[in-house]
Amino acid sequence: MASKLLLLPFVLLVGTALSTNPLSEKLQEQLKNPAVVNFREYLRIDTSRSENLPVGVEFWRQQAAEAGLEFAVYAPAGKPICVLTRVGADPELPSIMLNSHMDVVAAVPSEWTYPPYEAHVDEEGNIYGRGAQDTKDIAIQYLEAVRRIDALNVTLQRTIHITLMPDEETGGFEGIRPFIASPEYKALNVGFALDEGLSSPTDDIYATYQDRRAWSIEITVKGSGGHGSSMPADIAIKKLQKLINVMMRYRKPLEKALKSVSSLEYGAYTTLNINMINGGLAANIIPETFTLVADMRLCPAENATEILSVVNSWAEFAGNGTTVKFLRREMESLATPIDESNPFWVTMKETITQMGYNLVPVVCPATSDMLHVRNTGTPAIGFAPKRRTTPRIHAADEYLNIDIFLQGIDIYVPLIINLANVPASGQESVVAN
Ligand SMILES: *[C@@H]1O[C@H](CO)[C@@H](O)[C@H](O)[C@H]1NC(C)=O
Ligand SMILES: *[C@@H]1O[C@H](CO)[C@@H](O)[C@H](O)[C@H]1NC(C)=O
Ligand SMILES: *[C@@H]1O[C@H](CO)[C@@H](O)[C@H](O)[C@H]1NC(C)=O
């Protein structure tokens, strides 16, 4: 068996790196799957750095060419947005957008078992890399599913757009926000969108139909400065102390309410965390200011106007000279209907259920690009077939198992076929065989 002999040096190399067991033959074969090759190549592009986004664009340009898809790059606010298009049999029908984001959050290599941008595979078939769950996996799965649909010669009535956003992790200010407002987006005529979803430790698959509203609140307190040997009364640190105290008092009942709630139910609760405190120049200087940044997520039931006055009351309580600046403040986050009124939802639910999975609708505890799509009135669901996966979005050792990754493509194929064939009337639905 010549192939076995040829593989031997590779096995030895991998084997000496970090694990003692060689990769199984099944895994060796899976690693040659073009979808897996593409996934690992994409993971190796460190898109936590904006300067690497052009490398991502070239990656997608090449993928589009190989898959025979139309390719366009838009940059309404400077950063590139890629759109890969497969024109449907009826291009007048509103299209299906398959969205993901190219950017990833930063990774601290010392916290990881394997380097975050090497797409290392362990003997269990887990592929490690920043973006393996958020959201480089689904981007490659969309592409591979569309390729397979083409190979099946299935007719899709609606046009499919695979869209790749920059800047999702930092609020979409240079990504989805300006894109949604652009004539290029309107020209896509999006009727329904899928985007990133939650990792599921069980066999259930989650569908997010609404996002919590993200607020990033920067509060600056001011007081008398001076030499470190003096002792003025009106100092900034006292105000910071009052501010932290009043915010922690507000946090206490929220914390209590969440005590026995699973992270997947977080969407129904409001959360508050103080995540940054800045101030001070030297040990012998009394600083005039301290700045605090809090991350607040408003659940659907929360009244944003009321929260706004709560935040202002904290500033007032801290003392004179305190100022509030919102780095991000989503006032509205519309829900996509998850009932008979939404034929895309009905189709999704039937398709996933027929494959034997349980599709569970939840409010997204975080905030995604879909908030902006839903706020324009377009239905959008956060969905990802990341079953049996420990959620490690934004955490160290983010990974995806190769079997789960490949099975995810099997799930997207009928799902995309059925969504793209939802009739214009919006009444009937098409079901997987
Ligand atoms: C798809 O169509 C092409 C061209 O007509 C044909 O060569 C191929 O065999 C078809 N594939 C399937 C799976 O029907
Ligand atoms: C939110 O609260 C404000 C102020 O109390 C009130 O005027 C407004 O009607 C409330 N909005 C909703 C949707 O309940
Ligand atoms: C706050 O008010 C006091 C009393 O009026 C005043 O002395 C102090 O300068 C003010 N501090 C700031 C930061 O405005």
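Numbering of ligands and ligand atoms starts at 1, following listing order. The basis for the numbers below is simple: all heavy atoms, side chains too, and nothing from hydrogens, waters or symmetry mates.
For atom 7 (O) of ligand 2, the nearest protein heavy atom lies 4.0 Å or farther away. Within a 4.0 Å radius of atom 2 (O) of ligand 3, the protein contributes at least one heavy atom.
Summarising the geometry of Ala384 relative to Ile205, their closest heavy-atom pair is O-CG2, 3.6 Å, with the distance given to 0.1 Å.
Using a 4.0 Å cut-off between charged nitrogen and carboxylate oxygen, Lys239 and Asp234 count as a salt-bridge pair. Ion pairing between a basic and an acidic side chain is recognised when a charged N comes within 4.0 Å of a carboxylate O; Glu184 and Lys186 show no such pairing.
Of all protein heavy atoms, the one closest to atom 11 (N) of ligand 2 is Asn303 ND2, 2.9 Å. The single protein non-hydrogen atom nearest to atom 9 (O) of ligand 3 is Asp234 OD2, 4.0 Å, given as residue, atom name and distance. Nearest non-hydrogen protein atom to atom 14 (O) of ligand 3 is Asn320 ND2, 3.6 Å. In this structure, the protein non-hydrogen atom closest to atom 13 (C) of ligand 3 is Lys222 O, 3.7 Å.
In this structure, Met276 places its CE atom where only 12 or fewer heavy-atom neighbours from other residues, nucleotides or ligands lie under 6.0 Å away.
Side chain to side chain, Thr351 and Asn418 meet the donor-acceptor criterion of an N or O pair below 3.5 Å.
Remark: ligand 2 atoms within the under-4.0 Å shell around heavy atoms of Glu306 are 2 (O), 5 (O).
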Would you please test Lys386 and Asp137 for salt bridge (charged side-chain N to carboxylate O under 4.0 Å, His left out) and show each step? CA-CA 9 Å; Lys386 286 184 258 281; Asp137 53 335; 2.5 Å; yes
